[in-house]
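To keep things clear, I will list the structure first and then write my remarks on it.
Each chain gets a letter, A, B and so on, in the order the sequences are listed, and its residues count up from 1.
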Amino acid sequence: MPELPEVETVRRGLEPTIDHTIVGCDVRRRDVVRDRSTDTPNPRRGRLDPSALGIGQRIVAFERLGKQLAMIVRAQHGNEQVVVIQLGMSGQVALIDSARIPNAKHVHVVWTLDNGQRVCFRDARRFGGITLLASRESLRGFWASLGTDALGVTSRHLWSRLSGSTRSIKAALLDQGVLAGVGNIYADEALYRAGIDPRKACDALSRPQVTKLARSIREVLRNAVEARGSTLRDYRDASNKPGSAQLLHRVYNRAGQSCIQCGSTIEHTRIAQRATCWCPSCQS
DNA sequence: CGACCCCTGCGC
DNA sequence: GCGCAGGGGTCG
């Protein structure tokens, strides 16, 4: 579900918890948590170290790279740990004021803070999950395979990562190793804005086209962050409010409708196993 | 590279 | 019932 704008909106919504201390953590589904903070041979099994989940530690920051969110916590003696949250298709992180958790179905992890607030991780499909890391340095390693954050992608970066590739530009934009944060919605929207056919091979793009595409990606994402993300069905921010970026969509989920710019019928196909929409006359 | 799988819920 | 959904890991 969530792409970069949705995750960034959630990240900002969690910032009020900074400087609060985690006093408890309820792991209701053990298998959504992977503990990579210790060297135990099979970290998926056995008891979780409570300190790895942040208990007794103070929240000091929320960081984001692409679609991934990381909560940094610090112990009194200064030692830091990292809780990485990946939302997958259906994940949500909600900041709840009361002890009673609304919509408790599929809530897998609940942190309780020193002011009584709860931070709930909910994920019906369980494509998302939580990974515990021992330090910010481990986080750098964990994120090493991701490309540059899509909000700041440059033409130079995109050009170097696309050159020589024969796959379609849409498939490349969905590859988090090329750039991190673009998913199915914003890939289609950025390609529309750049006037590029999503089926076009990367190595068939001109340098000016790549420059325009990099700018389109930044603009589409920036506008979507400003609109607090796209709510198609179940995306909600940390305060359980929907976003409005879906109102900006020009091609996504508009197959068969007419192009806003030229009136042509929006086409659709599947690229990289994902539904793909584009305007046959505005995009080539 | 693409194909397939993971899982639940929803609209048709 | 079926097909599809905003993600991503692993396989050949």
Side-chain angles (χ1 to χ4, degrees), chain A residues 1-10 28-34 36 44 64-69 84-93 103-108 121-131 142-147 150 161-192 198-204 217 220-221 223-225 227-237 242-256 268-277:
Chain A
M1 151 177 59
E3 305 181 29
L4 184 153
E6 292 75 36
V7 178
E8 174 62 13
T9 304
V10 169
R28 302 179 177 188
R29 252 201 103 109
R30 175 66 183 80
D31 61 359
V32 306
V33 182
R34 282 190 318 160
R36 290 184 43 174
R44 281 191 82 100
R64 180 192 59 74
L65 179 57
K67 305 170 191 173
Q68 296 194 32
L69 183 64
V84 179
I85 300 173
Q86 291 171 271
L87 298 176
M89 290 283 261
S90 56
Q92 303 173 340
V93 181
N103 233 348
K105 195 176 183 188
H106 299 122
V107 170
H108 306 313
F121 173 70
R122 185 166 181 270
D123 184 11
R125 294 176 74 179
R126 273 176 283 128
F127 287 178
I130 288 170
T131 304
F142 191 71
W143 280 349
S145 62
L146 296 178
R161 296 307 306 266
L162 299 180
S163 66
S165 173
T166 57
R167 68 174 156 173
S168 69
I169 182 60
K170 165 87 185 256
L173 293 184
L174 294 176
D175 182 343
Q176 301 300 295
V178 171
L179 77 169
V182 172
N184 205 36
I185 295 178
Y186 301 110
D188 281 7
E189 294 301 319
L191 287 164
Y192 174 81
R199 301 166 298 177
K200 192 156 186 159
C202 294
D203 62 4
I217 291 167
V220 161
L221 294 176
N223 292 340
V225 169
R228 307 182 56 81
S230 299
T231 297
L232 301 177
R233 174 191 266 143
D234 42 25
Y235 164 71
R236 294 293 183 278
D237 68 14
S244 60
Q246 69 280 2
L247 302 175
L248 306 173
H249 297 174
R250 295 180 180 181
V251 284
Y252 179 80
N253 211 16
R254 293 194 69 243
H268 69 107
T269 186
R270 281 189 94 73
I271 297 176
Q273 283 73 245
R274 317 299 300 277
T276 299
C277 299

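- For Gln68(A), the side chain to side chain donor-acceptor pair (under 3.5 Å) criterion is met by Trp143(A), not counting sequence neighbours.
- Contacts of Lys67(A) classified as side chain to side chain donor-acceptor pair (under 3.5 Å), with partners at least two apart in sequence or in another chain: none.
- Looking at residues two or more places apart in sequence or on another chain, you find a salt bridge (charged side-chain N to carboxylate O under 4.0 Å, His left out) between Asp175(A) and Arg167(A).
- Listed by chain and number, the residues in a ring pair (Phe, Tyr, Trp, His ring centres under 6.0 Å) with Tyr252(A) are His249(A) (sequence neighbours excluded).
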Legend entry - Base-contact (B) and sugar-phosphate-only (S) positions in nucleotides 7-12 of chain C, heavy-atom cut-off under 4.0 Å, - elsewhere: BS----

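- Judged as a side chain to side chain contact (heavy atoms under 4.5 Å, CB included), and not counting sequence neighbours, the contacts of Arg122(A) are Gln92(A), Asn103(A), His106(A), Val107(A).
- Distances shorter than 4.0 Å separate some side-chain N or O of Tyr252(A) from OP1 or OP2 on dG6(C).
- Boundaries of the chain A contact region on DNA chain B are dC1(B) to dC10(B), first to last in 5' to 3' order (nucleotide atom under 4.0 Å from a heavy atom).
- Pro5(A) meets the side chain to side chain contact (heavy atoms under 4.5 Å, CB included) test with Glu3(A), Tyr186(A), Leu221(A), Ala224(A), Val225(A); sequence neighbours excluded.
- Stems are defined here as 3 or more consecutive Watson-Crick or G-U wobble pairs with pairing distances under 3.5 Å; those involving DNA chain B are B:1-6 with C:7-12, B:8-12 with C:1-5.
- Arg228(A) is linked by a salt bridge (charged side-chain N to carboxylate O under 4.0 Å, His left out) to Asp237(A), counting only residues two or more places apart in sequence or in another chain.
- Applying the side chain to side chain donor-acceptor pair (under 3.5 Å) rule to Arg199(A) yields the partners Asp197(A); only residues at least two apart in sequence or on another chain are considered.
- Applying the side chain to side chain donor-acceptor pair (under 3.5 Å) test to Glu189(A) and every residue at least two apart in sequence or in another chain returns nothing.
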